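Worksheet: one structure, shown below.
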Amino acid sequence: MKDGNSFELQEVAKSFGEHDVLKGVDLSFKKGEFVAVVGKSGCGKSTLLRLVAGLDKPTGGKVFVNGKPLNGLNKSSRMMFQDGRLFPWKKILQNVGVGLNGNWKHEAMELLEQVGLADRAHEWPSVLSGGQKQRVALARALVNQPDILLLDEPLGALDALTRVEMQRLIEELWRKRDFTALLVTHDVEEAVTLADRVLLIEEGKVVMNKEINLPRPRQKDHLQFVSITSQILNRVMQVDVVMENMAING
Amino acid sequence: MKMQEKLNKKLNNSYFISWLVPLILLVTWQMLSLWGVLSERILPAPTEVLQAGAALLETGDLAEYIGISAKRAFIGFLIGGIIGFVLGLLNGISNIAETLFDTSLQMLRNIPHLALIPLVILWFGIEEEAKIFLVALGVLFPIYLNTFHGVKSVDKDLIEAARVYGLHGFSLFWNVILPAALPSILVGIRFSLGIMWVTLIVAETISANSGIGYMAMNAREFMRMDVVVLSILLYALLGKISDVFAKIVEKRCLKWHPSYQ
Ligand SMILES: Nc1ncnc2c1ncn2[C@@H]1O[C@H](COP(=O)(O)OP(=O)(O)OP(=O)(O)O)[C@@H](O)[C@H]1O
Ligand SMILES: [Mg+2]
């Protein structure tokens, strides 16, 4: 199962009117790979994810899923959003099972168990804490076993402790369930903790594509971990300096 | 000690407290009538009103009139409500429908529906249709506006999330758009219930040969002050009942809403 590409982007470009957000992105993602995307706010990370999800159409190039060009919604993907986007009028179990048919209750319950919220299944989302809501969102994203999980800063709004807990949970479920994960984050440390590969988007292009070959689960105080993290962080911050120099040099 | 605690509990009960003021008013009214401060020709005592009610109940007139008025209110509300709801949904969901209908509806909305009474009498005479038409017209706009607004302001992010999770067409409407718009729709319903009674009172007072409004006008001719007051109280009671009913529906439908938990 792990061989072959899960999805690919060929010369993908996206503009909104005059504004070119992505300018020709070539990427391929192996099945079961965990890839993180970092970059400055507004660089087009969410846009990239929306293109893979099929929520938006590229203005140039093509997205391929399992070798086939993507047309419309990407049915083999599920997206998890920063704000959870649970439906407040559905009980937690019904939120997890949204859009499913057949014997969905059993599966939804199983996933709630895996994220540790089985006992809250029959409550309303409004009573949950931020971290618990994100767990429900994670369960919902995984319930019908998508091939691709798209995560748009899913932990951005959580406190540090809850983040670490959620990172572990995501990693555990990823190892168990074998999906391809594409995680957008503004936290470089989080990217290095979870990803096989970290991408950096700048000026509409992928300017860094770095493999992370550290054993899992990764220790944040591990020497190599620290050095890779600061390396990427420097690269992210460097842009301004380089750009300034380019401007000065003409 | 025990008694004291029980009494405290009862007083803490907000349901009890909310009826306290009407009760005091009623008792004061009765007292003033008994002492002769309130002349019988201005306002008969509550007990007299009650007696008039009992007498009318015995002849069967009261039940008949209440039934007829309630039926008019209900049918008119149903017709106007359904039209308003459907138009609100349609214009909220479809941009084409909105550009086509919304401006016209907003224009019609500005005509006070009671201003149409002369026209309605010319059209329908004092038949049932006249009352039902007026009630339907009055109820239509608040429900239209609130349904339209509710559907329009459904969180776009939630709709997008729903699409990612495979909902579209009717399932999108049923699982996301309708529940999201429901709080606003229910506000429209509660508001229009008020309009429903007001419209009916006016319509029945002006032209009817049955119903509570007719009973009041008839009693006025015979100087039966007690029956006139009884009719007014009946309207108040019916209005209260429909409001309580709407509140119950609201509570049941919006259990998920943090402000109802
Ligand atoms: N629907 C749209 N219409 C017009 N411009 C858009 C639209 N969506 C995104 N953009 C623009 O595209 C750019 C990239 O947006 P995007 O949301 O992908 O950024 P991001 O990298 O996810 O940023 P953040 O880290 O703040 O979430 C921004 O400049 C944004 O204004
Ligand atoms: Mg974003």
Side-chain angles (χ1 to χ4, degrees), chain A residues 46-47 49-56 72-102 104 108 111 122-128 133-134 136-146 148-152 154, chain B residues 85 88-89 92-95 143 146-190 245-261:
Chain A
S46 298
T47 304
L49 237 60
R50 295 172 56 83
L51 291 175
V52 175
L55 284 168
D56 275 332
L73 276 179
N74 183 350
K75 295 225 169 70
S76 51
S77 79
R78 284 288 182 264
M79 174 112 79
M80 186 179 158
F81 303 90
Q82 174 173 6
D83 47 1
R85 301 199 190 170
L86 301 180
F87 302 111
W89 46 82
K90 285 181 177 290
K91 296 262 173 82
I92 288 159
L93 183 67
Q94 274 69 19
N95 256 289
V96 174
V98 77
L100 298 183
N101 300 313
W104 62 271
L111 257 142
H122 302 292
E123 292 178 44
W124 301 110
S126 57
V127 304
L128 296 182
K133 278 182 191 152
Q134 285 307 72
V136 175
L138 183 62
R140 180 176 71 174
L142 291 178
V143 72
N144 65 343
Q145 308 186 321
I148 304 164
L149 179 64
L150 305 168
L151 304 126
D152 195 352
Chain B
F85 178 69
L89 280 186
I93 291 170
S94 149
N95 283 328
I143 292 192
N146 284 284
T147 307
F148 178 63
H149 175 256
V151 172
K152 271 277 158 190
S153 48
V154 177
D155 188 350
K156 296 286 170 293
D157 288 348
L158 278 184
I159 292 186
E160 187 182 272
R163 285 181 55 212
V164 174
Y165 287 91
L167 299 183
H168 55 88
F170 181 76
S171 68
L172 179 66
F173 168 76
W174 186 250
N175 286 292
V176 181
I177 295 175
L178 187 62
L182 203 57
S184 174
I185 296 172
L186 288 171
V187 168
I189 288 178
R190 262 186 91 176
F245 183 72
K247 256 191 190 161
I248 291 171
V249 171
E250 216 167 59
K251 243 190 175 157
R252 297 207 85 202
C253 292
L254 301 183
K255 263 191 208 145
W256 54 271
H257 208 281
S259 47
Y260 290 88
Q261 277 160 13

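So that the names make sense, note that chain A is the first sequence line, chain B the second, and so on, each numbered from 1. Fair warning: this is a prediction, and the values are worked out from it, not measured in the lab.
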Which answer fits A/D83, side chain, backbone, both or neither, if we ask what part of it has an atom under 4.5 Å from a heavy atom of chain B? side chain

Assess whether atom NZ of A/K75 is packed by more than 12 heavy atoms of other residues, nucleotides or ligands within 6.0 Å. no

Sort A/L86 into side chain, backbone, both or neither according to what part of it lies under 4.5 angstrom from a heavy atom of chain B. backbone

Contacting moiety of A/V127, where chain B heavy atoms sit under 4.5 Å: side chain

If you look at every heavy atom in A/F87 and B/V176, which pair is closest and at what distance? CE2-CG2, 3.8 Å

So which part of B/L158 gets closer than 4.5 Å to some heavy atom of chain A, the side chain, the backbone, both or neither? both

Any idea which heavy atoms bring A/W124 and B/K255 closest together, and the distance? NE1-O, 3.6 Å

side-chain contact (heavy atoms from CB on, under 4.5 Å) between B/N175 and A/Q94, intermediate numbers included: CA-CA 10 Å; B/N175 286 292; A/Q94 274 69 19; over 6 Å; no

Quick check: do A/W89 and B/L182 have side-chain heavy atoms less than 4.5 Å from each other? no

Out of curiosity, B/E160 CD to A/M79 CE, how far, rounded to the nearest 0.5 Å? 6.0 Å

Heavy atoms only: give me the nearest B/D157-A/R85 pair and the separation to one decimal. O-NH1, 3.2 Å

Considering all heavy atoms, the nearest A/R140-B/Y165 contact: O-CE2, 3.5 Å

